[in-house]
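Here is how names work: the chains are called A, B, and so on, in the same order as the sequence lines, proteins then strands, and each is numbered from 1. No hydrogens, no waters, no symmetry mates; every other heavy atom, side chains included, goes into these values.
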Protein chains: 2
Amino acid sequence: MTQLDLTEDTAEKTPKLGRKRDHTRDVDILDAALEVLAETGYDGMTIDMVASRAKAGKGTVYRRWASKGELVIEAVACMKKGDFDLSRLPNTGTLRGDFIAMIKPRSMEEADKKLKIMAGLASMLSRDPELADAANAAIVEPRVSMDRILLRRAIDRGEISADCDIETISHLTASMVAYRTLIQRKVIDREFLVSLIDNVLLPAVGLARATHPLM
Amino acid sequence: MTQLDLTEDTAEKTPKLGRKRDHTRDVDILDAALEVLAETGYDGMTIDMVASRAKAGKGTVYRRWASKGELVIEAVACMKKGDFDLSRLPNTGTLRGDFIAMIKPRSMEEADKKLKIMAGLASMLSRDPELADAANAAIVEPRVSMDRILLRRAIDRGEISADCDIETISHLTASMVAYRTLIQRKVIDREFLVSLIDNVLLPAVGLARATHPLM
DNA sequence: TATATACGATACTATTGAGTTCCGGATCTA
DNA sequence: TAGATCCGGAACTCAATAGTATCGTATATA
């Protein structure tokens, strides 16, 4: 650290000889970090836990990330892979149909895992802005963007008024789901989500409240 | 701990002679704990910080609470003093008037402090149910109860439909405020709150959206 | 005034965990 | 095949902190 270092310090080393770096380990370690994060939270998480979960040595972790903080930021930032493919966003012709179609066991399970990660990150959000931005971009913004698109399409087809406060209402589901999980610690089931759509979200955009059909 | 102890162990000692315990220190220490909690979060908070903030010795803290966890739980639980006096709940005659009247610099400042405490507690909520319940009862439930009463009164006077999902909608403001602070890290100002009332809450209970009057 | 006790301050112990270093062995490249 | 480099594992250092013990002092009660 203090000694004279003529080699590139921050750049990636590209050795001419010997074994290459195993990039498989990167994703194993990042996945392990997310698992431990969801289970124990940022402060409860140790590098030893992550390493042993990934069947890796501690040195292998520190060869890739300079600190625990950087590891967590990259793990969170790299999380958005897979989801958020706008291509298969529901398009049923009605706003209610679209929102109901978003309720799938697959996506609810995934959302639950993400909320556990968010809970583990929560205490750091106010202390580390970079981490907070990464968490927001990876966990809540994708879902909010989907809702925003569904609402905008409803305006475009004339189903709801163009005066609606799309910007706020697109955060409504994410907000209520996060609140119910993190603060109320109640389960998010289909009944809650349908009730949220029919009794709050649709009325808020001017669509009459339905008579509580569960499907 | 392991030795034979014939005195009452859990009961309060009432010495016949000497100096009495200074109950002023209790509230000083609890207040200091809340301050440190808001500033550094549960995991970042140390007993030394709390003690020195309260100008107390560490021993004085541990003479009253067996552990850091118990201190925090009591500090949070004892927080609800002062607020939540239903007597001076607004009663303007309209639901919108009541909700707008709830927006006061005094209460917003207090809510901000409580949200900072909630943020500091966040990572513990999923790990310690007792603490989670205390935080819920002291921080969010008082506000939710107020909104619930305002909504119920609006039903009673026939201003809004009795079919409204009061139970969910009474959590709407608390939910959106917590989300905006903890996750989005944006400020809660009067404009946001008025917009939330006019563009989401009132439409959700069937009242037509107003034309954005800031007062 | 005498005494028992609470007080602030500080030193102490024990534990935990971040980050480093080193080892023998595995593996890829020249 | 040979050597450079990565690997998992484990031992290590160092700093922080929960909780305990002690000391001299302040203070309320008898």
Side-chain angles (χ1 to χ4, degrees), chain A residues 1-3 5 7-8 11-29 32-33 36-37 39-75 120 123-124 127-128, chain B residues 1-3 5 7-8 12-29 32-33 36-37 39-73 75 120 123-124 127-128:
Chain A
M1 203 57 163
T2 53
Q3 78 185 59
D5 187 0
T7 67
E8 296 300 317
E12 189 82 3
K13 277 196 194 171
T14 51
K16 300 292 174 239
L17 238 48
R19 190 180 175 183
K20 275 187 194 157
R21 185 142 119 191
D22 184 356
H23 273 251
T24 298
R25 311 310 293 124
D26 294 55
V27 327
D28 288 346
I29 293 169
V36 176
L37 206 51
E39 289 167 20
T40 70
Y42 182 90
D43 299 282
M45 160 182 161
T46 70
I47 300 294
D48 281 302
M49 287 183 198
V50 175
S52 70
R53 176 80 56 118
K55 295 191 220 312
K58 235 168 136 179
T60 305
V61 175
Y62 279 103
R63 197 172 299 122
R64 287 145 210 269
W65 296 278
S67 68
K68 174 179 171 179
E70 290 188 18
L71 167 63
V72 169
I73 284 182
E74 184 159 341
S123 66
M124 290 297 294
R127 277 180 281 169
D128 186 337
Chain B
M1 201 57 162
T2 53
Q3 79 184 57
D5 187 358
T7 66
E8 297 299 318
E12 190 83 2
K13 276 195 194 174
T14 52
K16 300 294 174 234
L17 239 46
R19 189 180 176 183
K20 276 185 193 159
R21 181 191 261 179
D22 185 355
H23 274 252
T24 298
R25 312 309 293 123
D26 295 55
V27 327
D28 288 346
I29 293 168
V36 176
L37 206 51
E39 289 168 20
T40 71
Y42 182 90
D43 299 283
M45 161 181 161
T46 70
I47 300 294
D48 281 303
M49 288 183 197
V50 175
S52 70
R53 176 80 56 119
K55 295 190 220 312
K58 233 167 135 180
T60 306
V61 176
Y62 279 104
R63 196 172 300 120
R64 287 143 211 271
W65 296 278
S67 68
K68 174 179 172 180
E70 290 187 20
L71 167 64
V72 170
I73 284 181
S123 65
M124 290 297 293
R127 277 181 282 170
D128 186 336

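When rounded to the nearest whole Å, the span between NE2 of H23(B) and P of dT27(D) equals 18 Å. Atom pair D22(A):CG and dT29(C):C1' shows a separation of 15 Å (rounding to whole Å applied). In this structure, K68(A) places its NZ atom 15 Å from P of dT20(C), rounding to the nearest Å. For the pair R19(A) CZ and dA30(C) C1', the interatomic distance rounds to 17 Å; values are reported in whole Å. Atom-to-atom, CZ of R25(B) to C1' of dT27(D) comes out at 14 Å; the value is rounded to the nearest Å. A straight line from CZ of R21(A) to C1' of dC6(D) spans 10 Å, rounded to a whole angstrom.
The side-chain heavy atoms of R25(A) and R64(A), taken from C-beta on, include a pair separated by under 4.5 Å. A 4.5 Å side-chain heavy-atom check between V72(B) and M45(B) finds at least one atom pair inside the cut-off. Looking only at side-chain heavy atoms (C-beta outward), I29(B) and W65(B) come within less than 4.5 Å of each other.
Near-neighbour residues of DNA chain D inside residues 58-65 of chain A, defined by a heavy atom below 4.0 Å, number-ordered: T60(A), R63(A), R64(A). Interface residues of residues 43-55 of chain A facing DNA chain C, ordered by number: M45(A), T46(A), I47(A); criterion, heavy-atom separation under 4.0 Å.
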With a 3.5 Å cut-off and sequence neighbours excluded, list the donor-acceptor pairs that the side chains of residues 54-63 of chain B form with protein atoms.
none

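E70(A) pairs by the salt bridge (Lys or Arg N to Asp or Glu O under 4.0 Å) definition with nothing, not counting sequence neighbours. Taking A75(B) as the reference, L30(B), A33(B), L34(B) meet the side-chain contact (heavy atoms from CB on, under 4.5 Å) condition, with sequence neighbours excluded. Residues that satisfy the side-chain hydrogen bond (donor to acceptor under 3.5 Å, both in side chains) test with D128(B), not counting sequence neighbours, are absent from this structure.
Residues T46(B) and D48(B) bring no donor and acceptor atom of their side chains to less than 3.5 Å of each other.
The nearest heavy atom of DNA chain C to A56(B) and to S67(A) marks one nucleotide each, and the one closer to the 5' end goes with A56(B).
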